[in-house]
Each structure stands twice: as C-alpha cells, then as structure tokens.
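What follows is a single structure, written as structure tokens, with notes after it.
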Amino acid sequence: MSGGRRGRRARADASVPTRKVDYRNLRNPFPPMAAFSDDRIEALHEAALSVLEDLGIMVLHPGARDLYRQGGARIDGEMVYMGRDMVEAALVSAPKSIRMRGAVPDRDVVLELGRMAFQPGAGCPHATDLTRGRRPGSLADFRELVQITQSFDVLHMVPPLVEAQDVPMHLRHMAMTEVELTQSDKVPFLYSRGTPQVMDGFEMIRDFRGLSDAEFRSEPWSYTIINTNSPRTLDLPMAQGLIDFARHGQLAIVTPFTLMGAMAPVTVAGAMTLSHAEALAAITLSQLAQPGAPVCYGTFTSNVDMKSGAPAFGTPEHFTASLVAGQLARRIGLPWRCAGGSAANINDAQAANETQFGLWGCLLAGATVTIHSAGWLEGGLTVSYEKIITDLEVLQMVAELCAGTPATDADIALDALREVQPMGHFFGAAHTMARYQTQFYDPLVGDWSNFGQWTERGEVDANHRATGIWRGIVDNFEPPPMDPDRVAALQDFIARRTAEGGAPPES
C-alpha cells in the first residue's frame, strides 16, 4: 500500500487504473546543499580527530577499552585517546553500501549515499490519538503502530515506535520483537540493552527467517541505534551493543545526540565537531570488533530553548546541522542517518512546520536514513497516530519527486495542443482522457473539495480524517504471509525464555 485512498479505490473497483509508483527504492533527486565551505568541513574533521587524539573519549566498558588498546589507542583509566591513523583505518574498512535484508527480497533496503529510507518516530514513552488521548505506551499501541508502518511503502524500516511499558523489562524485548516479526515483513529493530537481550533478538530473527547461524551473520537482518552520551562518553550498553552487532554482522546506526548549548557547544560548528568525534569513535570500535562490520554514520543535532533548556526541533539550527552532517558523511564516504522531529505538544501547525522543515534539512543534506520522519511529538516523548498519517502525506509527495517527471514526445503533448483551440479547455482532450485517472498524485489525507462540499460532509479537518485512515488500517489489518510453523516456534521460544526468567537489561 503506497497511499490510503488509492488503495481503497483499487479494492473497490478492480477495473479502475491505478498509478504505478515505487516507494520502496528511493534515490534522492536533490543536489546536496552545503552549509560550510569544503575547507571548513576539512577543518571540522581535523578538529574532531584532535578531540579523539588529545582530549579523548570516556569509555565505560572494559572490553571496549581493550579493543581500543589492541588497535593502538592510549588508555588512561576510562579515557581512550586514539590516533588519526586508527580512525582512518576504521573508515576504510567500514562498508560504503549496506543491503539490509527484509523478510522478502522486495523489502530489502540498500543504504548508501544517494539512497533514501524513512522511518516513523521512535523510542517514545507515550502514545496519543484523538480517540483515546495521551497515555503510557503499551504493547497494544506498539502492535497498532507497527501495523500502520507496515501499511505504507514509504516507510522502509520498523523502529521502536513506542515503549511497551506494560511488559516487564526482562521480557519486553521478546514481546516487541515478536510483534515486529509477525506484523511486518520490513527490516526489524533491536534494542541494545545488554548482550542477553540482544542474543535473544538475534536468535528470534534468525530462526523466524529460516537462516543458519552463518547465513544470519553474513548479512544484516536487523539494526540497532547507538547513542553516545554527549559530551565524549560511550557507556556500557552502547559499547556492548556496538561489539555484539559488529561480531554478528548486524547494523549499528551510530547517533550522537548533541543539543547545542546543553550537551554540546552552543554553535553549529562546535556541536557538529563534537558529534563527528563521537561518531568516529563509535565507528572505530565497531571496526575493531569486526573489520567490515556494517555501520552507519549518524547525528541528531539541534538546539535548545535557551530560556527553558527544552529541546527544540525543526529550527534553522537543526536544518543547518543536518547540512553539515551530510557534508561530513560525504567526506568519510559512509551512509548516514539524520532525523526530523517536532517539539510541539499536539498535531497542529507548529508540529507540521517543524517536522517538514527538519525533513527538508535531511533531504537537502542527502541523508540515507531519516528517522522520526512521521508522528514524533514533544521532542520524542509521544508518538501520535494522527501525525503519522498527516506526515505520511509529505513523505509520499517526496517519494513522488524521486520518480522524476517524464518529458517524452507524448508528454510534451503536441497533439493535445493541436486539438484544443484558443479559449478552449483540455478536460475532454484525448490526451487528458487517456491519462487523467493516473496522472496525478492522489492525496492520502488531503481534501480538495470546495468549501461548500466540505461543509456538507461535516467540516472534517485533516486531524480527524487521519483518525479514520489509521482506524481503518488497524481494524482491517492483515499481516504478511508467514510460515505458521515458524510462528509457533517463535512463541515456543518466548515461552521457554520467559520460564527461564527472560533476560535482564545488562551488559
């Protein structure tokens, strides 16, 4: 399903032509935009290397410090000082193109510079919708949000949309992974909350996909997000996650979360220097653990409200930081992750403006993976069902731009220009009649009726139209085809591991 209304019409009348669009394999059609000159980007890169060499990074994981030491770093207590050669060697070994494997080949996602993949908002403790209001996230919420994610081709990977807080922490990882595997055929996410939980996730995905251990390790079938603790700290679970995912051939998306004026210098250049240094340190650890391991460069850099200290998103500074991140990613040649998002409290004009402005920063920066591109509110505290739908409208229109606009002789339409005389119209022209049903993008949630028609239909605004769309998806959702024996084996695994006590979040 690439669009709600288009899909509903096709099911209602199979004789109606449908637009043939491919939202699954997107290439960025926009030339990359630069915030700084090339010499300033090189200066920033050199400054980040100086941070790692002279100032160091605190690494709380003893095993990670050992890997750095074996790679040639100087260790002083918990501080790690790594030279330029060590970092450059890691950048050489890190793959420049990564094929993430879905349940079926059509759901594979290629991550490389020039490609685009989108994810909805992730990691939120709360969910909200107009029917049930704002509430702590539950497993039922996560299931519904995965179903919505599955239903739109422009969303390519399944993130941890909302925390299932009604499931105990030692069992939550299995419950959420089961939902991802049984409700979607897209690339699944796993938290890095200690080796025991990560190993459970790997085993669940490996067996559910019908893979041998060697087959699972040979290609990335799952991914995690690795957040450094800014400034200049790599904690226990994140370091362990980098090591575990690297050694099992799975993708780690490295994402320093640097807020200007809070956990990073107040300037864009200073914040991005810190972010770049932390990302390079984490990428280096992944390559020390397993040369050639799939790893994605990333950043999530924005500013704070200096009056309150609250995070702000979709700001000019957020936009500019994304552009700088894109320049740095191209400097080192790796696929990279960026993010949209909003600090608004409800799905209103502020929320739409901030999310779309942040999204355009990612697009013009050349981001490979854009996270929090739909549904994210309150700076990540809440994911909104309605906002996912209204943001999807923009994502689908962006996807339409990726296809390009043809200009064949038939598209130039000289025959139509001959047919229609001055002062005439093209509604009934043969050229129009042959194309009108499939020529234009059909809105998902937008309403193009005039004011009179809209009033007669109940004056339903976009937010409430979005409610009807997500409600229809959830009420009528059919999961992708899957082997019932593997579903039963998955449930047996969860039952056995639950009886054994599950897995605590420990490294």
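Just so it is clear, the model here is predicted, and its values are computed rather than measured.
Not counting sequence neighbours, the partners of Asp305 by the salt bridge (charged side-chain N to carboxylate O under 4.0 Å, His left out) test are Lys307. Checked against salt bridge (charged side-chain N to carboxylate O under 4.0 Å, His left out), Arg193 has the following partners two or more places apart in sequence or in another chain: Glu163. Contacts of Phe245 classified as ring pair (Phe, Tyr, Trp, His ring centres under 6.0 Å), with partners at least two apart in sequence or in another chain: Phe202. Legend: residues meeting ring pair (Phe, Tyr, Trp, His ring centres under 6.0 Å) with Phe142, ordered by chain and number and at least two apart, are absent. Remark: Gln165 pairs with no residue by the side chain to side chain donor-acceptor pair (under 3.5 Å) rule, at least two apart or across chains. Shown here are the side chain to side chain donor-acceptor pair (under 3.5 Å) partners of Glu500, two or more places apart in sequence or in another chain: Arg496, Arg497. In this structure Phe30 satisfies the ring pair (Phe, Tyr, Trp, His ring centres under 6.0 Å) test together with Trp360, sequence neighbours excluded. Every salt bridge (charged side-chain N to carboxylate O under 4.0 Å, His left out) that Arg101 has, sequence neighbours left out, goes to Asp108, Glu219. With sequence neighbours excluded, no residue forms a ring pair (Phe, Tyr, Trp, His ring centres under 6.0 Å) with Trp336. Residues meeting the side chain to side chain donor-acceptor pair (under 3.5 Å) test with Lys387, sequence neighbours left out: Thr355, Asp391. Take Asp185 and apply the side chain to side chain donor-acceptor pair (under 3.5 Å) test, not counting sequence neighbours, and it matches Arg107, Gln150.
A pairwise comparison of heavy atoms in Tyr441 and Arg19 identifies CA-NH1, 3.6 Å as the closest pair. In this structure, Met238 and Ile225 approach most closely via the heavy-atom pair SD-O, 4.0 Å. Of all heavy-atom pairs spanning Ser275 and Gly298, the tightest one is OG-O, 4.3 Å.
With no hydrogens or angles considered, no side-chain donor-acceptor pair links Ser138 and Asp166 at under 3.5 Å. Judged by distance alone, the side chains of Gln250 and Thr224 never bring a donor and an acceptor atom under 3.5 Å apart. Side-chain contact check for Asn347 and Thr390: at least one donor-acceptor pair (N or O, by modelled atom type) lies under 3.5 Å. Using modelled atom types, one finds a donor on one side chain and an acceptor on the other under 3.5 Å when comparing Asp200 with His173.
Shown are Thr255, Ile283, Thr368, Ile253; of these, the side-chain contact (heavy atoms from CB on, under 4.5 Å) with Tyr297 is made only by Ile283. The one candidate from Thr131, Leu130, Asp141, Ile473 that meets the side-chain contact (heavy atoms from CB on, under 4.5 Å) condition with Tyr385 is Asp141.
Looking only at distances, no side-chain donor or acceptor of His126 sits under 3.5 Å from a matching main-chain atom of Gly137. At distances below 3.5 Å, at least one donor-acceptor pair connects side-chain atoms of Gln197 with backbone N or O atoms of Met169.
The list of salt bridge (Lys or Arg N to Asp or Glu O under 4.0 Å) pairs with a residue in residues 472-482, not counting sequence neighbours, reads Arg471-Asp475.
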- Task: Kindly indicate, with the supporting measurements, whether the criterion salt bridge (Lys or Arg N to Asp or Glu O under 4.0 Å) is fulfilled by Arg132 and Glu144.
- Result: CA-CA 13 Å; Arg132 296 166 293 188; Glu144 291 175 348; 2.9 Å; yes
